[in-house]
Amino acid sequence: MRNRRTAVGALALLTLAACGNETSADGGSGSVRTAPRLTGVHWNVDSVTADGHTTVAPDGAHVVIGPEGRATGSFGCNRFSAETGTDGETITVRRTTTTQMGCEKDVQRFESALSRAFSGELTAAVTGRNLTLTTRTGDTIALTSEPPAPLTGTAWTVTSLVSGSTASSLPAGTEKRARLTFGKDGSVRGTLGCNHFRGAATVTGSTITFDRIDGTRMMCPDARMKLERALLEVLDGRTTYRIDHRALSLTAANGEGLVATAQAPAATAPAPGR
């Protein structure tokens with residue numbers, strides 16, 4: 001059965017052959033495979049194997065292929081975008097552009113290896129949640145799909161503060177101290193970096209309206225109190241929110257906001273006896 005060439009940018013890979021079984025050329029019966037969906041999936045990069053040497057990916061390295069065929073993601077430090085096309089199981093990646101931030105040496109070496117591998121013609125193979133991309137020379141990229149985080153029930157850890165279009169890191173010593181969780185009952189609770197809090201949060205479309213934020217009244221070091229005051233300004237009244245996979249952005253009417261991330265889900269252990 002012949003493959004039909006799709007247009008450049010239509011990286012669906014939804015059908016590699018017709019459904020069901022068909023007879024092979026030698027008279028035997030062969031099971032025809034249907035390729036799982038690749039587009040619209042957040043693929044975490046696990047490692048790159050080049051010249052027989054495997055390098056584990058840094059946190060944050062990922063690839064997302066849109067339905068229109070544009071691939072975006074991060075090489076580990078710098079972000080990238082590229083055009084993609086497909087012919088059967090072959091993916092072609094071209095016209096890649098990247099940001100030009102300076103990175104740590106180990107991350108920079110990984111980025112170089114990944115950017116070289118994620119280019120040209122690649123063969124795609126999916127097994128369960130795992131995707132392997134293989135270059136013509138035999139180098140491979142190992143990736144794992146990761147589901148997006150829901151707003152409610154997720155423990156969101158604040159990672160940066162936003163003022164207008166500028167994002168800044170948290171005050172030194174306050175990293176990973178501020179967290180918030182939205183309940184399905186319209187509640188919000190967590191810690192502001194020093195004090196624990198609880199309040200009401202009404203979600204309507206892309207907005208969250210905070211009300212009745214109450215908390216403990218401990219005194220903490222200056223840096224933690226500074227973070228607490230900044231977060232209380234955001235969690236006051238109407239905000240807009242957006243979830244980008246596992247990153248939550250909250251922006252108040254005055255342009256002040258925060259970015260929080262959800263921990264990646266742990267790998268599911270196999271059931272006993274399997």
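The shown structure was predicted, so the numbers you read here are calculated from the model rather than taken from an experiment. Side chains included, hydrogens not; waters and symmetry mates left out as well; all remaining heavy atoms used.
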> Any donor and acceptor pair, going by atom type alone, linking the side chain of Arg129 with main-chain N or O of Ser145 inside 3.5 Å?
Replying inline: yes
> So, does Asp139 use its side chain to make a donor-acceptor pair with the main chain of Asp51 at under 3.5 Å?
Replying inline: yes
> Out of Val48, Val63, Thr55, which residue meets the side chain to side chain contact (heavy atoms under 4.5 Å, CB included) rule with Leu114?
Replying inline: Val48
> Closest heavy-atom contact between Ser74 and Gly60?
Replying inline: CB-O, 3.5 Å
> Is a side-chain donor or acceptor of Glu175 paired with a backbone partner of Gly173 at a separation under 3.5 angstrom?
Replying inline: yes
> What disulfide (SG to SG under 2.5 Å) pairs are there with at least one residue in residues 40-77, not counting sequence neighbours?
Replying inline: Cys77-Cys103
> What pairs of residues pass the disulfide (SG to SG under 2.5 Å) test when at least one of them lies in residues 134-253, not counting sequence neighbours?
Replying inline: Cys194-Cys220
>> Show the nearest heavy-atom pair for residues Ala57 and Val45, with the distance to one decimal.
In response: CB-O, 3.1 Å
> Hey, what do you get for CD (Glu111) to CZ (Phe80), rounding to the nearest 0.5 Å?
Replying inline: 10.0 Å
> With His196, which residues qualify under ring pair (Phe, Tyr, Trp, His ring centres under 6.0 Å), at least two apart?
Replying inline: none
>> Can you list, by chain and residue number, the hydrophobic cluster partners of Phe182 when the side-chain cut-off is 4.5 Å?
In response: Leu151, Trp156, Val158, Leu161, Leu170, Leu180, Val188, Leu192, Phe197, Val203, Ile208, Phe210, Ile213, Leu227, Leu231, Leu232, Val234, Leu235, Tyr241, Ile243, Leu248, Leu250, Leu258
>> Just to verify, what does His62 make a ring pair (Phe, Tyr, Trp, His ring centres under 6.0 Å) with, not counting sequence neighbours?
In response: His42
>> To the nearest 0.5 Å, what is the distance between CD on Glu233 and CG on Asn254?
In response: 7.0 Å
>> Run the side chain to side chain contact (heavy atoms under 4.5 Å, CB included) test on Thr261 and Arg246 for me, step by step, so that the C-alpha distance in whole Å, both residues' side-chain angles and the decisive distance to 0.1 Å come before the verdict.
In response: CA-CA 6 Å; Thr261 60; Arg246 305 193 73 79; 5.8 Å; no
> Please, which pairs that meet salt bridge (charged side-chain N to carboxylate O under 4.0 Å, His left out) have at least one residue in residues 207-227, sequence neighbours excluded?
Replying inline: none
>> Please give me the minimum heavy-atom distance between Glu146 and Asn44, naming the atom from each residue.
In response: OE2-ND2, 2.8 Å
> Taking atom types as modelled, is there a side-chain donor on Ser163 or Glu256 under 3.5 Å from an acceptor on the other?
Replying inline: yes
> Atom CD in Glu228, atom OG1 in Thr174: separation rounded to 0.5 Å?
Replying inline: 11.5 Å
> Backbone N or O of Ser81 within a donor-acceptor pair of the Thr72 side chain at under 3.5 Å?
Replying inline: no
> Can you name the closest pair of heavy atoms from Ala223 and Ala172 and give their distance?
Replying inline: CB-O, 3.7 Å
>> For the OG1 atom of Thr157 and the CZ atom of Arg177, what is their distance to the nearest 0.5 Å?
In response: 12.5 Å
>> Just verifying a value: how many Å separate Thr123 OG1 and Leu133 CG, rounded to the nearest 0.5 Å?
In response: 9.0 Å
>> Between Thr135 (side chain only) and Ala117 (backbone N and O only), is there a donor and an acceptor less than 3.5 Å apart?
In response: no
> About how many Å separate CZ of Arg70 and OG1 of Thr84, when rounded to the nearest 0.5 Å?
Replying inline: 8.5 Å
